[in-house]
Amino acid sequence: QVHLVESGGELVQAGDSLRLSCAASGLTFASTAMGWFRQAPGKERDFVAAISRGGVVANYASSAKGRFTISRDNAKATVYLQLNSLKPEDTAVYYCAARKTGMSIACSGRSCVEEDDYEYWGQGTQVTVSS
């Protein structure tokens with residue numbers, strides 16, 4: 001059974017940084033592309049970033065480019081999301097997601113940015129940014 005467990009979310013002030021972690025089990029992590037999404041109160045869940053199986057390729061939402069960095073440690077079966085220069089509008093529950101093992105970071109010629117592109121989900125970790 002696949003488990004994705006996020007951690008690292010907390011209440012911070014605008015301008016602060018956080019590193020979120022997602023520990024995976026029950027899958028062949030090194031063969032699984034991973035992603036992060038977020039859901040703000042009253043809004044839909046949106047794509048934030050994704051990383052290829054080997055960690056070489058990363059894709060970002062426009063809101064994340066230049067401030068957030070996705071990375072992974074295949075030896076630890078963990079994917080990270082570094083959040084810098086946080087803003088109040090970054091307040092959301094952040095979810096880790098896994099593609100079906102063996103599938104690439106590309107989805108039919110586009111980036112995998114839709115919820116349906118991902119097979120497994122964590123329970124989320126709350127990030128709250130105060131102004």
Fill in the blank from the handout: Correct closest heavy-atom pair for Phe68 and Leu81 would be CB-CD1, 4.3 Å

Exercise for the section: Flag yes if Val93 and Val113 sit in one hydrophobic cluster, no otherwise; membership is Ile, Leu, Val, Met, Phe, Trp, Tyr, and two members link when side-chain heavy atoms are under 4.5 Å apart. Expected result: yes

Handout entry: Distance-minimising heavy-atom pair for Ala77 and Phe29
Key = CA-CD2, 3.4 Å

Fill in the blank from the handout: Residues at least two apart in sequence or cross-chain that pass side-chain contact (heavy atoms from CB on, under 4.5 Å) with Glu89, listed by chain then number, are Lys87

Practice task
For Gln1, check side-chain contact (heavy atoms from CB on, under 4.5 Å) against everything at least two apart and list the hits.
Solution key: His3

Completion exercise
d(Gln13 CD, Ser131 OG) to nearest 0.5 Å is 9.0 Å

Completion exercise
Nearest heavy-atom contact between Ala98 and Met34 is CB-SD, 3.6 Å

Fill in the blank from the handout: Taken to the nearest 0.5 Å, the spacing of Arg45 CZ from Glu115 CD works out to 4.5 Å

Exercise for the section: For Arg53, check salt bridge (charged side-chain N to carboxylate O under 4.0 Å, His left out) against everything at least two apart and list the hits. Expected result: none

Handout entry: disulfide bond (SG atoms under 2.5 Å apart) contacts in which one or both residues fall within residues 99-131, not counting sequence neighbours
Key = Cys107-Cys112

Handout entry: For Val127, side-chain contact (heavy atoms from CB on, under 4.5 Å) partners two or more places apart
Key = Leu18, Leu20, Leu83, Tyr94, Val129

Problem - ILVMFWY network linking Trp121 to Met103, side-chain heavy atoms under 4.5 angstrom - result: no

Problem - salt bridge (charged side-chain N to carboxylate O under 4.0 Å, His left out) contacts touching residues 4-16 (sequence neighbours left out) - result: none

Handout entry: Asn84 vs Ser17 side-chain heavy atoms within contact, under 4.5 Å
Key = yes

Handout entry: Which atom of Ile70 lies closest to which atom of Ala58, heavy atoms considered
Key = CG2-CB, 3.7 Å

Practice task
Taking side chain to side chain donor-acceptor pair (under 3.5 Å) as the test, write out the residues that go with Gln39, two or more places apart.
Solution key: none

Problem - Gap separating the CG atom of Leu27 from the CD atom of Glu119, nearest 0.5 angstrom - result: 10.5 Å

Fill in the blank from the handout: Hits for side chain to side chain donor-acceptor pair (under 3.5 Å) against Asp90, two or more places apart or cross-chain, chain-then-number order -> Arg38, Arg67

Handout entry: Pairs meeting criterion side chain to side chain donor-acceptor pair (under 3.5 Å) with involvement of residues 95-113, two or more places apart
Key = Thr32-Thr101, Asn59-Ser111, Arg110-Asp117

Completion exercise
Hits for ring pair (Phe, Tyr, Trp, His ring centres under 6.0 Å) against Phe47, two or more places apart or cross-chain, chain-then-number order -> Phe37

Handout entry: Sequence neighbours excluded, every pair satisfying disulfide bond (SG atoms under 2.5 Å apart) that has a member inside residues 64-101
Key = Cys22-Cys96

Fill in the blank from the handout: Hits for side-chain contact (heavy atoms from CB on, under 4.5 Å) against Thr78, two or more places apart or cross-chain, chain-then-number order -> Ser21, Ala23, Lys76, Tyr80

Problem - Nearest heavy atoms of Leu4 and Ala24, plus distance in Å - result: CD2-CB, 3.6 Å

Fill in the blank from the handout: For Gly9 and Thr125, the nearest pair of non-hydrogen atoms, with its separation, is N-OG1, 3.0 Å

Practice task
Report the distance from atom CG of Leu11 to atom CD of Gln126, rounding to the nearest 0.5 Å.
Solution key: 9.5 Å

